[in-house]
There are 2 protein chains.
Amino acid sequence: MDFSQGVPEPTLRRLPTYCHFLRRLAQDGADVVSCRQIGDALHLDPTQIRKDLAYAGMAGRPKVGYPVPELLAGVENFLGWNNTQQAILVGAGSLGTALLGYKAMDRNGVRIVAAFDTSPDKTFQAIHQVKVLPMRKLVDLVGRMQIHVGILTVPAESAQTVCDLMVQAGIRAIWNFAPVALKVPDTVIVQNENLFSSLAVLSSRLQSTFQPRTLPEEDPS
Amino acid sequence: MDFSQGVPEPTLRRLPTYCHFLRRLAQDGADVVSCRQIGDALHLDPTQIRKDLAYAGMAGRPKVGYPVPELLAGVENFLGWNNTQQAILVGAGSLGTALLGYKAMDRNGVRIVAAFDTSPDKTFQAIHQVKVLPMRKLVDLVGRMQIHVGILTVPAESAQTVCDLMVQAGIRAIWNFAPVALKVPDTVIVQNENLFSSLAVLSSRLQSTFQPRTLPEEDPS
DNA sequence: TTTTTCTCGATAAAAATTTCTCGATTGGCA
DNA sequence: TGCCAATCGAGAAATTTTTATCGAGAAAAA
């Protein structure tokens, strides 16, 4: 397996799906699982799954498959989900609030320890048991608690400003929900998440079922 | 340009980003824009942008670029954002609530006209001006209002059941936030959105900056 | 024990996507 | 007018990702 280029992003994106499925399998008490089974359940090609798992360093046994507990632990470990990263969230709007409410976050490698917002209505309140603090506390808290992950759920206009603040505070990785290309030093990782990208794929596909985009064979002019 | 295979998904995912940028340009009163400019702003390759725009059927002029208003209108039209689809949302949890609060949804081709939830605490309330109804009203409302888009923000356990209900009601496209591979007839479009996929890429990358995954050159045993 | 069947692992082929190259077109400027 | 610089558009090349093929290993069945 070629690791020189790092693990492909599509592989990384599929691994959490496997985790979720494996957790359920483990709960049901399954000992082993084959790529075929995973593929059937997840509508994916077994070969691809085998390759993804190989990237994560997992090996199986012919005719048997992979031992479920080891596989789950291995993939979670590979994704860094066993030593949970502490994170801060900036922007306690509706999306920010939703993320604060996600209990599952803990089991997915990230724990939000504090939120920040500019609105005085929100600061010093708690949302889903997480305290919301004013922005001026950010740099100090991040530095003191050695936090590496920042979640950015502010409007597009303020995204770069907040991003700069995060970088200044020592944040190493930013999960960015603002539809903006952030400028950061190349020591900082930015992972963009744009919900509307996904929605665009949907509505574009839906539209083309109504009026298929056909290319004229010959120009009939 | 080859349309026989349809528009590539990566292209579709980038188009909304262009829209967002173009809207700001249009507000600032820019007449024309070149791929270079867009690329600089969005950290993308100009050639790729040119190709994406060509897929959307847009043409520019050498030395000048693309006229901003036409380009914006053209891309929005291509994405089906000018004739907004009505949608229902099922699962008024924290994520569902966040989506209901997204004012921007309207400008992105989808308007949520009703929400559904099993919890009696939530039904017949309104969240962000959208009424929450009990599940039993779903089939009738979808049929009566000729709604084609369903947004699925329920827990994994109930996702397939709700999905079946949507399909039965006549939904043609499902935006699925549950980490489950839904089974649907192949006339129905499913667009999966898994926030944790994105988070996994982030945490995996972050982890490898701490302890790079190196492949041993030679086995030193 | 031998055969059959299933699954992994590695390699190769195919497909999709991104990046590069180059000629053509257009506006600005001397 | 004629040259220069910028940009598009199309095709080629390179890269990445997915899918297919095949041999080997291991359990189950004969």
Side-chain angles (χ1 to χ4, degrees), chain A residues 1-15 17-18 22 25 30-68 70-71 74-75 181 197 201 204-205 215 219, chain B residues 1-15 17-18 22 25 30-68 70-71 74-75 181 192 197 200-201 204-205 215 219:
Chain A
M1 189 72 30
D2 173 33
F3 286 94
S4 57
Q5 303 292 310
V7 181
E9 174 153 340
T11 294
L12 287 176
R13 296 188 70 88
R14 281 187 295 265
L15 287 174
T17 319
Y18 304 157
L22 290 171
L25 274 188
D31 288 344
V32 289
V33 64
S34 69
C35 287
R36 163 86 78 98
Q37 284 173 271
I38 302 178
D40 284 351
L42 270 39
H43 306 159
L44 291 170
D45 185 77
T47 309
Q48 183 170 69
I49 295 172
R50 200 171 296 129
K51 201 158 249 183
D52 289 342
L53 295 180
Y55 270 117
M58 309 311 297
R61 277 179 31 208
K63 176 80 181 179
V64 183
Y66 302 78
V68 173
E70 280 88 337
L71 184 58
V75 176
S197 287
V201 179
S204 164
R205 293 242 166 96
L215 194 67
D219 189 337
Chain B
M1 187 73 30
D2 173 31
F3 286 94
S4 57
Q5 302 294 310
V7 181
E9 175 154 337
T11 293
L12 287 176
R13 295 188 70 88
R14 280 186 296 265
L15 287 174
T17 320
Y18 304 157
L22 289 171
L25 274 187
D31 288 344
V32 290
V33 65
S34 69
C35 287
R36 162 89 78 97
Q37 284 173 272
I38 302 178
D40 285 350
L42 268 40
H43 306 159
L44 291 170
D45 184 77
T47 308
Q48 184 168 70
I49 294 171
R50 200 170 299 131
K51 206 156 247 184
D52 288 343
L53 295 180
Y55 270 116
M58 309 311 297
R61 280 184 24 213
K63 175 80 181 183
V64 183
Y66 301 78
V68 174
E70 280 87 336
L71 184 58
V75 176
N192 294 305
S197 287
V201 179
S204 164
R205 292 243 166 94
L215 194 67
D219 188 340

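Proteins come first, then strands; the chains are lettered A, B, ... in the order of their sequence lines, and each starts at number 1. Every value quoted in this text rests on a predicted model; they were computed, and no experiment measured them.
- Listed pair A:Y66 / C:dG9 meets the phosphate criterion, a side-chain N or O lying under 4.0 Å from OP1 or OP2.
- A side-chain hydrogen bond (donor to acceptor under 3.5 Å, both in side chains) with A:D52 holds for exactly one of A:T17, A:T11, A:T47; it is A:T11.
- A:V68 places none of its side-chain heavy atoms less than 4.5 Å from the side chain of A:L71.
- Within the 4.5 Å cutoff, the side chain of A:Y55 has no heavy atoms near those of the A:L15 side chain.
- The distance between atom CD of B:E70 and atom P of D:dC8, rounded to the nearest whole Å, is 15 Å.
- Contacts of B:A59 with the nucleic acid, taken as non-hydrogen atoms under 4.0 Å apart, involve only primed sugar atoms and P, OP1 or OP2.
- Taking atom CZ of residue A:R36 and atom P of nucleotide D:dA20, one finds them 13 Å apart after rounding to whole Å.
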- Query: Under the side chain to side chain contact (heavy atoms under 4.5 Å, CB included) criterion, do B:L53 and B:V75 qualify, and how do the steps go?
  - Reply: CA-CA 8 Å; B:L53 295 180; B:V75 176; 4.1 Å; yes

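- Per the geometry, CD1 belonging to A:I49 stands 14 Å off P belonging to D:dA20, to the nearest Å.
- By the 4.5 Å heavy-atom criterion applied to side chains, B:R50 and B:Y66 are counted as neighbours.
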Using nucleotides 26-30 of chain D, report all nitrogen or oxygen pairs with the protein that are shorter than 3.5 Å.
| unit_1 | atom_1 | unit_2 | atom_2 | d |
| --- | --- | --- | --- | --- |
| D:dA27 | OP1 | A:R61 | NH2 | 2.3 |

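- Taking atom CG on B:L53 and atom C1' on D:dG9, their separation rounds to 12 Å, with Å as the unit.
- Side chains of B:L44 and B:Y18 form a contact here, defined as non-hydrogen atoms less than 4.5 Å apart.
- B:M58 and B:E70 make their closest contact through CE-O, 3.5 Å (heavy atoms, listed as atom of the first residue, atom of the second, distance).
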- Could you write nucleotides 16-23 of chain C as a row of B, S and -, 5' to 3', where a protein heavy atom under 4.0 Å of any base atom gives B, of only sugar-phosphate atoms gives S, and otherwise -? SSSBB---

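- Shown here is A:R13, whose CZ atom has more than 12 heavy atoms of other residues, nucleotides or ligands within 6.0 Å.
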